[in-house]
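What you see below is based on every heavy atom in this structure, not just the backbone, and it leaves out hydrogens, waters and symmetry mates. Positions are given from 1, in the same order as the sequence printed here. Whatever order the structure lists ligands and atoms in, that order sets their numbers, starting from 1.
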Amino acid sequence: MPYKIHNFSKLTSTNDKARKFIKKGIFNAVITAGTQTKGRGRFGRKWHSSHDGLWLSIILKVKKSENAKYFTFIASIAVARAVKKIAKIDAGIKWPNDIVYNGRKLSGILTEGIFGKESYVIIGIGLNLNQSSFPNSIKDIATSLRLVTGRKYPKKYFLNSILEEFENLCKNYTSKGSSSIISEWKRCCVVLNKRVAISSVSGGFSGMAINVNKDCNLLVRLDDGTLKEIEEGDVTIAGFISQ
Ligand code: BT5
């Protein structure tokens, strides 16, 4: 394992701690927290992080030209593979950063890039493992592996498995480029060829999700026939519980 693992019982957010590590010159490292008091999602949204989940961040040093979105894709595949291996269920990936089961969110990824003279990505991964219930605000959209399979799981199994898959996928990406990552991602994706509604900072759109391109952006055929490239946002799939 090329990553040194640093375990903490309680942090504000493993991504915050990762930024502090980078300032101290530490990278190729993993940070875990038993619980997070200010776990966050995209756009500063709250991420509920009780003791029952796995919360980690991977810190990598990257090239200045790197597209951080590849690491969200790599982490999503790594989580889906680990879930398949250990919990024996087929989780899906919902663009851009969710791992879902039966329309409910099992896991979310928050990738943050720090680009400058030296560049880093922090890949924050949250996986709901042993929760038997969720706060009211997310009880209709979240799920855990315990709720899905009726079993409890040691966090360490998932940590090791996710990191092993992540490392293998990164090696593939470095040696063969992004196409193998994107094709596996597409096989796990639950959004493609579905009718979707997108809410993004540039507005709301609806249409058919038809592909992701080499930049990991979602291509949607809008109802008026135009093809729209979506760089960020939240996707709701017709017939799924909404975000
Ligand atoms: C995400 O954001 O899904 C990224 C979540 C990343 C969490 C990890 S944990 C380790 C690392 N440290 C951090 O501080 N963060 C990362 P987004 O797509 O914006 O989704 C956020 C939304 O998911 C919230 O607004 C809620 O609706 C929902 N949510 C919050 N907590 C959840 C949970 N535990 N399980 C499922 N859904 C949740």
Side chains of Thr12 and Thr37: donor-acceptor distance under 3.5 Å anywhere?
no
Are Phe21 and Phe27 an aromatic pair by the rule of ring centers under 6.0 Å?
no
Does ligand 1 have any atom that is closer than 4.0 Å to a heavy atom of Trp47?
yes
Is it the case that ligand 1 has an N or O less than 3.5 angstrom from some N or O of Asn128?
yes
Can Lys186 and Asn211 be said to form a side chain to side chain donor-acceptor pair (under 3.5 Å), step by step?
CA-CA 8 Å; Lys186 282 188 195 172; Asn211 209 347; 2.9 Å; yes
Side chains of Ser144 and Gln131, donor plus acceptor under 3.5 Å:
no
State whether the shortest distance between N or O atoms of Asp234 and N or O atoms of ligand 1 falls below 3.5 angstrom.
no
Using distance alone, decide if ligand 1 has a nitrogen or oxygen within less than 3.5 Å of any nitrogen or oxygen in Arg40.
yes
Check this for me: does any side-chain nitrogen of one of Lys69 and Asp215 sit under 4.0 Å from a carboxylate oxygen of the other?
no
Quick test of your reading of the structure: of Lys17, Arg104, His48, whose heavy atom lies closest to atom 31 (N) of ligand 1?
His48
Between Asn97, Ile99, Leu110, flag the one that comes closest to atom 1 (C) of ligand 1 by a heavy atom.
Asn97
Atoms of ligand 1 under 4.0 Å from any heavy atom of Arg42, numbered from 1 in the order shown, are 2 (O), 17 (P), 18 (O), 19 (O)
Cut-off 3.5 Å, side chains only: do Asp234 and Ser199 have a donor facing an acceptor?
no
Gly39: numbered ligand 1 atoms lying under 4.0 Å from its heavy atoms
14 (O)
If you count the atoms of ligand 1 from 1 in the order shown, which ones are under 4.0 Å from a heavy atom of Arg45?
17 (P), 18 (O), 19 (O), 21 (C), 25 (O)
I want to know if ligand 1 touches Trp55 in the polar sense, i.e. an N/O pair below 3.5 angstrom.
no
With a 4.0 Å cut-off, would you call Asp140 and Lys105 a salt bridge?
no
Please could you name the atoms of ligand 1 that Thr14 approaches to less than 4.0 Å, counting only its heavy atoms?
10 (C), 11 (C), 12 (N)
Below 4.0 angstrom from a heavy atom of Ile109, which ligand 1 atoms are there? Numbered from 1 as shown, please.
4 (C)
Asn7 and Thr32: side chain donor to acceptor below 3.5 Å
yes
Gln131 to ligand 1: N or O pair under 3.5 Å?
no
